[in-house]
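For reference, the structure is listed below as structure tokens.
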Amino acid sequence: MESLFAGFTAVLDSGVGGLTVLKDLRAKYGECDFLYLADGAYCPYGTKSASALSNRLQTLLTWFESNGVRSAVLACNTASVFIGNLRRRFDLPVYGVIEPTCRLAAQTTVNKRVALLATNLTVKSGVYDGFLAKMRIETVSFACSALVPFAENNAFNSAACDIALHNALKNLPQANADTVILGCTHFPLLQDKISAYAGNAHIVQCVTDFSPSVFETPAANDRVECRRGKTIFLTTGNAPQINKTASVFCPEANFAHVDI
Ligand code: DGL
């Protein structure tokens with residue numbers, strides 16, 4: 001049987017946040033075929049237990065491999081916490097956002113103090129702190145899972161969102177960090193509001209170190225038609241709901257539901 005997504009690169013997030021990473025990937029690698037998967041059935045990731053999320057990610061990567069996916073980008077910081085384990089278990093190349101984003105932040109910080117805004121699970125994992133410490137950078141973390149639903153449901157312009165932002169970020173100005181990492185791919189959608197708390201600090205959005213191995217080392221079964229610059233959008237959650245939110249900043253997204 002023909003693999004459904006032969007040659008595609010999967011781009012995974014719990015919801016709409018990873019579309020901010022996908023946009024960048026499509027601009028850089030226009031010839032690649034991307035399968036964007038929003039794992040709505042498991043959203044939010046940042047408040048799950050580490051073992052539940054680790055199991056879920058293994059299920060998704062198994063599904064990618066069995067559908068012919070060529071590589072996977074974890075366009076989600078919380079999923080990227082598990083990249084070491086996933087790389088050990090799976091053959092397909094897996095790319096994340098945490099290490100490349102730390103390298104970017106290291107280029108911008110002068111006072112070597114960085115504020116991390118991320119989900120509860122990402123903050124608790126200490127993975128960012130570990131990479132930044134290796135570069136002699138101190139991390140001041142802010143657990144901000146409460147902000148995720150406002151981005152996911154396109155509810156940024158609400159009094160409830162303003163209150164959640166205040167509760168999460170009221171101490172950010174005192175952190176004395178000259179660089180703020182938006183360590184959750186949902187947060188660029190709230191960047192205007194976050195900027196008010198960041199003051200003059202430089203804001204860093206997530207980046208990945210994906211390189212399209214499909215062009216560099218073509219496999220014997222690569223087909224030319226796998227390189228059309230096509231993007232397919234799937235969600236394990238509610239397709240009409242995610243289409244409504246995505247239409248605001250990614251109008252071409254047209255999600256269909258998939259059960260995984
Ligand atoms: N967008 C995700 C991240 O970068 C996680 C949001 C969530 O589902 O909690 O961490």
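Just so you know, ligand 1 is whichever comes first in the structure, and atom 1 is the first atom listed for that ligand. Keep in mind that what you see is a predicted model, and the values were worked out from it rather than measured.
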Salt bridge or not for D39 and R56, using N-O below 4.0 Å?
-> yes
Charged N to carboxylate O below 4.0 Å: is that the case for R26 and E252?
-> yes
Say whether [X], considering both its backbone and side-chain N or O atoms, lies within less than 3.5 Å of an N or O atom on ligand 1.
{"X": "T47", "answer": "no"}
{"X": "D13", "answer": "yes"}
{"X": "A75", "answer": "no"}

Would you call C76 a ligand 1 contact, heavy-atom distance under 4.0 Å?
-> yes
Whether G17 lies under 4.0 Å from ligand 1, heavy atom = no
V207 vs R103 side-chain heavy atoms within contact, under 4.5 Å | no
Side chains of T9 and L35: closer than 4.5 Å at any heavy-atom pair?
-> no
Going by the order shown, which atoms of ligand 1 are within less than 4.0 Å of some heavy atom of N77?
-> 3 (C), 4 (O), 10 (O)
Please could you name the atoms of ligand 1 that S14 approaches to less than 4.0 Å, counting only its heavy atoms?
-> 5 (C), 6 (C), 7 (C), 8 (O)
Any donor and acceptor pair, going by atom type alone, linking the side chain of Y36 with main-chain N or O of G18 inside 3.5 Å?
-> yes
Quiz question: by atom type and distance under 3.5 Å, do the side chains of [X] and [Y] form a donor-acceptor pair?
{"X": "T47", "Y": "S145", "result": "no"}
{"X": "Q205", "Y": "Q191", "result": "yes"}
{"X": "N77", "Y": "T122", "result": "no"}

Quick one: does ligand 1 sit under 4.0 Å from the side chain of T119, the backbone, both or neither, non-hydrogen atoms only?
-> side chain
Which residue and heavy atom of the protein sit nearest [atom], plus the separation:
{"atom": "atom 9 (O) of ligand 1", "answer": "G46 N, 2.8 Å"}
{"atom": "atom 1 (N) of ligand 1", "answer": "H186 ND1, 2.7 Å"}
{"atom": "atom 7 (C) of ligand 1", "answer": "Y45 N, 3.3 Å"}
{"atom": "atom 5 (C) of ligand 1", "answer": "T78 OG1, 3.5 Å"}

